[in-house]
Amino acid sequence: LVASASALVGNVFYPAEDMWPWLARLSKLVPITYALRPLRRALLEGRPFVELLPDLRALLIFAAVLLPVGILAFRIAVRRARLEGSLVQF
(Lines give C-alpha, C1' and ligand atoms only; values in the text may rest on other atoms or scores of the structure.)
Protein backbone atom coordinates (compact mmCIF):
# COMPACT_ATOMS: atom_id res chain seq x y z
CA LEU A 1 0.00 0.00 0.00
CA VAL A 2 2.80 2.40 0.91
CA ALA A 3 4.78 1.51 -2.21
CA SER A 4 1.77 2.09 -4.45
CA ALA A 5 1.00 5.42 -2.83
CA SER A 6 4.60 6.61 -3.07
CA ALA A 7 4.75 5.53 -6.72
CA LEU A 8 1.57 7.46 -7.48
CA VAL A 9 2.72 10.57 -5.64
CA GLY A 10 6.38 10.17 -6.65
CA ASN A 11 5.88 10.95 -10.34
CA VAL A 12 6.20 7.35 -11.50
CA PHE A 13 2.98 7.36 -13.52
CA TYR A 14 2.35 11.08 -14.00
CA PRO A 15 4.66 14.09 -13.89
CA ALA A 16 4.08 16.57 -11.09
CA GLU A 17 2.96 19.20 -13.59
CA ASP A 18 -0.11 17.06 -14.45
CA MET A 19 -1.13 16.48 -10.82
CA TRP A 20 -3.38 18.54 -8.63
CA PRO A 21 -1.35 21.30 -6.95
CA TRP A 22 -1.62 19.82 -3.46
CA LEU A 23 -0.51 16.42 -4.77
CA ALA A 24 2.42 17.99 -6.61
CA ARG A 25 3.54 19.60 -3.34
CA LEU A 26 3.20 16.25 -1.58
CA SER A 27 5.43 14.62 -4.21
CA LYS A 28 8.33 16.74 -2.96
CA LEU A 29 8.26 14.71 0.27
CA VAL A 30 8.77 11.35 -1.49
CA PRO A 31 12.36 10.26 -2.24
CA ILE A 32 11.43 8.46 -5.46
CA THR A 33 10.66 11.86 -6.99
CA TYR A 34 14.29 12.86 -6.59
CA ALA A 35 15.48 9.54 -8.01
CA LEU A 36 13.30 9.52 -11.12
CA ARG A 37 13.77 13.13 -12.15
CA PRO A 38 17.57 12.97 -12.68
CA LEU A 39 17.25 9.53 -14.22
CA ARG A 40 14.78 10.81 -16.81
CA ARG A 41 16.80 13.96 -17.42
CA ALA A 42 20.01 12.01 -17.97
CA LEU A 43 18.61 9.21 -20.09
CA LEU A 44 15.87 10.93 -22.07
CA GLU A 45 17.18 14.47 -22.36
CA GLY A 46 20.94 13.86 -22.19
CA ARG A 47 21.50 16.45 -19.47
CA PRO A 48 25.01 16.74 -18.00
CA PHE A 49 25.82 15.47 -14.52
CA VAL A 50 26.10 19.00 -13.10
CA GLU A 51 22.40 19.63 -13.77
CA LEU A 52 21.48 16.48 -11.86
CA LEU A 53 23.31 17.47 -8.67
CA PRO A 54 20.41 19.25 -6.87
CA ASP A 55 18.24 16.12 -7.05
CA LEU A 56 21.16 13.89 -6.06
CA ARG A 57 21.84 16.13 -3.05
CA ALA A 58 18.19 15.80 -2.03
CA LEU A 59 18.54 12.02 -2.23
CA LEU A 60 21.59 12.15 0.01
CA ILE A 61 19.66 14.21 2.56
CA PHE A 62 16.79 11.72 2.48
CA ALA A 63 19.28 8.88 3.01
CA ALA A 64 21.06 10.69 5.84
CA VAL A 65 17.77 11.24 7.66
CA LEU A 66 15.74 8.13 6.85
CA LEU A 67 18.45 5.48 7.14
CA PRO A 68 19.13 6.09 10.85
CA VAL A 69 15.39 6.33 11.49
CA GLY A 70 14.86 2.98 9.77
CA ILE A 71 17.69 1.31 11.70
CA LEU A 72 16.31 2.63 14.97
CA ALA A 73 12.79 1.44 14.12
CA PHE A 74 14.14 -2.00 13.23
CA ARG A 75 16.05 -2.27 16.50
CA ILE A 76 12.96 -1.29 18.47
CA ALA A 77 10.85 -3.84 16.58
CA VAL A 78 13.34 -6.66 17.19
CA ARG A 79 13.66 -5.76 20.86
CA ARG A 80 9.89 -5.76 21.21
CA ALA A 81 9.58 -9.08 19.39
CA ARG A 82 12.15 -10.62 21.73
CA LEU A 83 10.20 -9.46 24.77
CA GLU A 84 6.91 -10.77 23.41
CA GLY A 85 8.48 -14.01 22.22
CA SER A 86 7.14 -13.60 18.73
CA LEU A 87 10.44 -14.36 17.01
CA VAL A 88 11.21 -18.02 16.45
CA GLN A 89 14.93 -18.11 17.11
CA PHE A 90 17.78 -16.13 18.70
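We use all heavy atoms of the structure for the numbers below, so side chains are in, but hydrogens, waters and symmetry mates are not.
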A.B. asks: Are the side chain of Asn11 and the backbone of Ala16 linked by a donor-acceptor contact shorter than 3.5 Å?
C.D. replies: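 Yes: the side chain of Asn11 pairs with the backbone of Ala16.
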A.B. asks: Minimum heavy-atom separation for Leu66 and Pro31, please, with both atom names.
C.D. replies: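 Distance-wise, the nearest heavy atoms are CD1-CG, 4.1 Å.
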A.B. asks: Would Trp22 end up clustered with Val9 when hydrophobic side chains under 4.5 Å apart are linked, directly or stepwise?
C.D. replies: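 Cluster IDs for Trp22 and Val9 match.
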A.B. asks: Hey, is the main chain of Lys28 close enough, under 3.5 Å, to the side chain of Tyr34 for a donor-acceptor pair?
C.D. replies: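 A pair under 3.5 Å: yes.
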A.B. asks: Spell out, yes or no, whether Phe13 and Leu29 are grouped together once hydrophobic residues are joined by side-chain heavy atoms under 4.5 Å, including indirect joins.
C.D. replies: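 Linked within one cluster.
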A.B. asks: Provide the closest heavy-atom pair for Ser27 versus Thr33 in the form atom of the first, atom of the second, distance.
C.D. replies: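 In this case the closest contact between Ser27 and Thr33 is O-OG1, 2.7 Å.
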A.B. asks: Quick check: is Val78 connected to Ile71 through a chain of hydrophobic side chains (ILVMFWY, heavy atoms under 4.5 Å apart)?
C.D. replies: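 The answer is no; the residues belong to distinct hydrophobic clusters.
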A.B. asks: What distance separates Leu52 CG from Arg40 CZ, expressed to the nearest 0.5 Å?
C.D. replies: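 Between atom CG of Leu52 and atom CZ of Arg40 there are 13.5 Å.
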A.B. asks: Rounded at 0.5 Å granularity, tell me how far CG in Asp18 sits from CG in Leu23.
C.D. replies: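 With rounding to 0.5 Å, CG (Asp18) is 11.5 Å from CG (Leu23).
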A.B. asks: Under 4.5 Å between side-chain heavy atoms, counting indirect links through other Ile/Leu/Val/Met/Phe/Trp/Tyr residues: same cluster for Leu67 and Ile32 or not?
C.D. replies: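 No, separate clusters.
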A.B. asks: Determine whether more than 12 heavy atoms belonging to other residues, nucleotides or ligands lie under 6.0 Å from atom CZ of Arg80.
C.D. replies: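 No, the 6.0 Å shell around CZ holds no more than 12 heavy atoms from other groups.
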A.B. asks: About how many Å separate CG of Leu59 and CZ of Phe62, when rounded to the nearest 0.5 Å?
C.D. replies: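 Reported value, rounded in 0.5 Å steps: 8.0 Å.
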A.B. asks: Under a single-linkage definition using a 4.5 Å side-chain heavy-atom cutoff for Ile, Leu, Val, Met, Phe, Trp and Tyr, are Leu26 and Leu36 assigned to the same hydrophobic cluster?
C.D. replies: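 Per the 4.5 Å side-chain linkage, Leu26 and Leu36 are co-clustered.
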